[in-house]
There are 2 protein chains.
Amino acid sequence: MTSDIKSAARVLDMLELFSTRCDGLTLSEVARGLELPKSSTLGLLRTLHKRGYLVREDEDDSYRLNDMIRRDGFARHGRILRVAPPVMTALAVDAGETVLLGMPDASGLVRLLAKEASPSDIRYDIELPRKVPAYCTALGRVLLARMEPAAFEAALDSVPRAALTASTQVDRSAVIDAVEAARETGFAVVEDEFAVGGTGVAAVIPLGQGQPLAALGLACISQRYRQDPARLQAQLGGAISRIAEAMAGQGNM
Amino acid sequence: MTSDIKSAARVLDMLELFSTRCDGLTLSEVARGLELPKSSTLGLLRTLHKRGYLVREDEDDSYRLNDMIRRDGFARHGRILRVAPPVMTALAVDAGETVLLGMPDASGLVRLLAKEASPSDIRYDIELPRKVPAYCTALGRVLLARMEPAAFEAALDSVPRAALTASTQVDRSAVIDAVEAARETGFAVVEDEFAVGGTGVAAVIPLGQGQPLAALGLACISQRYRQDPARLQAQLGGAISRIAEAMAGQGNM
DNA sequence: AGGTAGTGTTCACGTTCGTGAACGCATCGT
DNA sequence: ACGATGCGTTCACGAACGTGAACACTACCT
């Protein structure tokens, strides 16, 4: 059998090292501890830092494990995956449309983590796990609306803005305007831009500090959405409140 | 800032994906979920499997997250790092020598995770974090004694067996004999092989299933060790029992 | 004030990896 | 029984990475 992939093995070494230390470690300490060249160590530390696994202290240039990673390991979005599904099931029945839970993924993408399909035979369905672009999906736009300006700019250009349907907004300024609107209203509605006949409506789930950014959305058949958008938006808002309350109730930060 | 290191980022993606799924995922499902080529996915899955992060089900070729990783994340040796130090402090005072806790690292190496220095001004001390070779250290030999034959053979040849002192055993057969002796007696004693004037004595900590392999050892000034080896070995044995009992008492598998 | 030591960081290039194409195999449908 | 499909796996080669050497900077000591 072939040997390990070097960087993959090293990143695990690094995380294991940090998990044995409560105080921070400098780049040089990590390099010595793992017997790596400093420049190789730097690349891996930057990757872990960028991904949110490590936090860097400004005062002494040391790194330490993100407290949430230390507590939950990889399952940092595990709690919301336990809390959200029952609420999503109820919403799917009430709204009659498919419910999706998504989180930011690589720049410009949304990772769909959970799904409750509509009970209707005619439905907008997807298979999990799945990633979708942010620029032309409701989940994506509300998540983009919560990003720092630099990350937002980068996200806009990280994924080619292809016209997936005749209605897809691909113009950069138009997408910015749509995200700005989502920021102001708290909702995003995307009609027929990602899939013909499909409308997405989504909002961010307001969670506390230290919690991962997540959004809930409805994936609707466009004709049904147009019949009563206010009802669907209200039902989505209600579900989001229930999830946020349940997460706050279990909070033990 | 430069972009992420591809494999490092991907291995995190993979672990996060598995942490959202209780049931297993096949290679193809992982590749689809993360939008990776199958051959790239295979390399990363093999690395994670080899490192013990993933378990592979024979019946359907699917992978799933190791239960211990799912529960503890990276801190899979976190519990012993909480339990052992108070016992090690007491042992350092009783024995008058430095106490070390070690675990297997890459093939042929031991990772030193915790240390209680001897209160004596004349002492055998090391800085953490640190890795030492297995072939010529007491901690290493007792850990080698617990390995499967194939892993043991590989470990013997993974690290060049340099003569660190005039007493270092570098002959392959002699090292095998020393490890065999450690297997039979439950102890390893290494006099002046790793450092002139330093003697190591170590034994494995008998922990339950699913617990990581770990060993405790004394790093003694050789002259002091020779004065009363039986006392030091007995004190080490007593500390190991206390650690094992404490770990069993907290066990909630 | 100047020299030394160690830090974090950059970069060019040799080394290693990532992966597309292809393979052997198992399963399923006709 | 045979063809189609999708699985896990292998391998050669272009692409990307790892890292030694060097740098700029900071802190400390004389």
Side-chain angles (χ1 to χ4, degrees), chain A residues 1-15 17-18 21 23-51 53-65 105-107 109 127-131 158 160, chain B residues 1-15 17-18 21 23-51 53-65 106-107 109 127-131 158:
Chain A
M1 192 176 284
T2 177
S3 63
D4 286 356
I5 292 173
K6 205 179 223 177
S7 297
R10 283 178 169 179
V11 84
L12 298 175
D13 287 338
M14 201 164 282
L15 287 164
L17 175 63
F18 276 103
R21 302 290 292 264
D23 48 326
L25 286 163
T26 64
L27 173 133
S28 297
E29 288 171 335
V30 175
R32 270 197 301 277
L34 297 178
E35 292 177 344
L36 297 175
K38 288 193 294 178
S39 41
S40 310
T41 304
L42 183 60
L44 293 168
L45 285 175
R46 281 179 168 161
T47 299
L48 287 170
H49 178 257
K50 217 170 157 193
R51 290 291 293 261
Y53 280 74
L54 296 181
V55 172
R56 190 172 187 189
E57 308 289 357
D58 289 327
E59 64 210 34
D60 63 346
D61 280 339
S62 67
Y63 298 82
R64 60 174 178 73
L65 203 59
D105 193 82
S107 187
L109 293 173
E127 301 305 312
L128 296 188
R130 174 74 181 275
K131 299 188 191 190
S158 300
Chain B
M1 192 176 283
T2 177
S3 62
D4 286 356
I5 292 174
K6 203 182 226 175
S7 297
R10 283 178 169 178
V11 84
L12 299 175
D13 287 337
M14 201 164 283
L15 286 165
L17 175 63
F18 276 103
R21 302 291 292 264
D23 47 326
L25 287 163
T26 64
L27 173 132
S28 297
E29 287 171 336
V30 175
R32 267 195 304 278
L34 297 179
E35 293 177 346
L36 297 175
K38 286 194 296 180
S39 43
S40 310
T41 304
L42 182 60
L44 293 168
L45 286 174
R46 281 178 168 163
T47 299
L48 288 170
H49 179 257
K50 216 170 158 195
R51 289 291 293 258
Y53 281 74
L54 296 180
V55 173
R56 189 171 188 188
E57 308 287 359
D58 288 327
E59 64 207 33
D60 64 346
D61 281 339
S62 68
Y63 297 83
R64 60 173 178 76
L65 204 60
S107 187
L109 292 175
E127 299 306 312
L128 298 186
R130 174 77 180 274
K131 298 188 190 188
S158 300

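A note on names: the letters A, B, ... follow the listed sequences, proteins ahead of strands, and every chain is numbered from 1. Side-chain atoms are counted along with the backbone in the values below, which use heavy atoms only and exclude waters and symmetry mates.
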Worksheet item: Less than 4.5 Å apart, any side-chain heavy atom of A:Thr26 and any of A:Ser62?
Response: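 Heavy-atom side-chain distance check passes, below 4.5 Å.
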Worksheet item: Side-chain contact, heavy-atom cut-off 4.5 Å: B:Leu25 with B:Tyr63?
Response: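 Contact flag for B:Leu25/B:Tyr63 side chains = no.
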Whole-Å distance separating the [atom1] atom of [X] from the [atom2] atom of [N]:
X	N	atom1	atom2	result
B:Leu36	C:dG20	CG	C1'	14 Å
B:Ile5	C:dC17	CD1	P	13 Å
A:Leu45	C:dT7	CG	C1'	14 Å
B:Leu27	C:dC25	CG	P	18 Å
B:Glu35	C:dG18	CD	P	18 Å
A:Met14	D:dG18	CE	P	11 Å
B:Lys38	C:dC25	NZ	C1'	12 Å
B:Leu25	D:dC7	CG	C1'	15 Å

Fill in: Closest heavy-atom pair and its distance - A:Leu54, A:His49
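For A:Leu54 and A:His49, the tightest heavy-atom pair comes out as O-CD2, 3.4 Å.
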Worksheet item: What pair of heavy atoms forms the shortest contact from B:Thr41 to B:Leu27, and how long is it?
Response: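 Looks like CG2-O, 4.0 Å.
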Item to complete: Hey, which sits more toward the 5' end of DNA chain D by its nearest nucleotide, B:Lys6 or B:Arg56?
Response: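 The residue whose closest nucleotide sits nearer the 5' end is B:Arg56.
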Worksheet item: Do any N or O atoms from the side chain of B:Thr47 and from the backbone of A:Ile5 form a donor-acceptor pair under 3.5 angstrom?
Response: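 The answer is yes, because a donor-acceptor pair under 3.5 Å joins these two groups.
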Worksheet item: From C:dG18, C:dT7, D:dT9, pick the nucleotide closest to the side chain of B:Leu42?
Response: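 Side chain of B:Leu42 sits closest to D:dT9.
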Discussion item. Taking the minimum atom-to-atom distance to the side chain of B:Arg10, which one of C:dT19, D:dT19, D:dT10 wins?
Written reply: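 Looking only at heavy atoms from C-beta outward on B:Arg10, the closest nucleotide is C:dT19.
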Discussion item. Assuming nearest nucleotide by heavy-atom distance, tell me which of B:Ser7 and A:Ser62 is located more 5' along DNA chain C.
Written reply: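 In this pair, the answer is A:Ser62.
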Worksheet item: Ignoring hydrogens and angles, are the base of C:dG20 and the side chain of B:Ser39 linked by a donor-acceptor pair under 3.5 Å?
Response: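 Answer is yes: a donor-acceptor pair is held.
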Worksheet item: Any donor-acceptor pair under 3.5 Å between the side chain of B:Thr26 and the base of D:dG8?
Response: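 Flag unset: no donor-acceptor pair detected.
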Practice prompt. Report the end-to-end axis angle of the helix from C:dA1-D:dT30 to C:dT30-D:dA1; each axis comes from five terminal pairs, and the value is rounded to 10°.
Written response: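 Rounded to the nearest 10 degrees, the bend comes out at 30°.
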Practice prompt. Supply the atom-to-atom distance B:Leu17 CG to B:Asp13 CG, rounded to the nearest 0.5 angstrom.
Written response: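 If we round to the nearest 0.5 Å, B:Leu17:CG and B:Asp13:CG are 8.5 Å apart.
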Worksheet entry | A:Ser40: partners by side chain to side chain donor-acceptor pair (under 3.5 Å), with sequence neighbours left out |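 For A:Ser40, no residue satisfies side chain to side chain donor-acceptor pair (under 3.5 Å) once neighbours in sequence are set aside.
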Discussion item. So, does A:Arg46 get its side chain near the phosphate of D:dG18, meaning an N or O under 4.0 Å from OP1 or OP2?
Written reply: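 Result: no.
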Worksheet item: Has A:Ser28 got a side-chain N or O lying under 4.0 Å from the OP1 or OP2 atom of C:dG8?
Response: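 The answer is yes; a side-chain N or O of A:Ser28 sits under 4.0 Å from OP1 or OP2.
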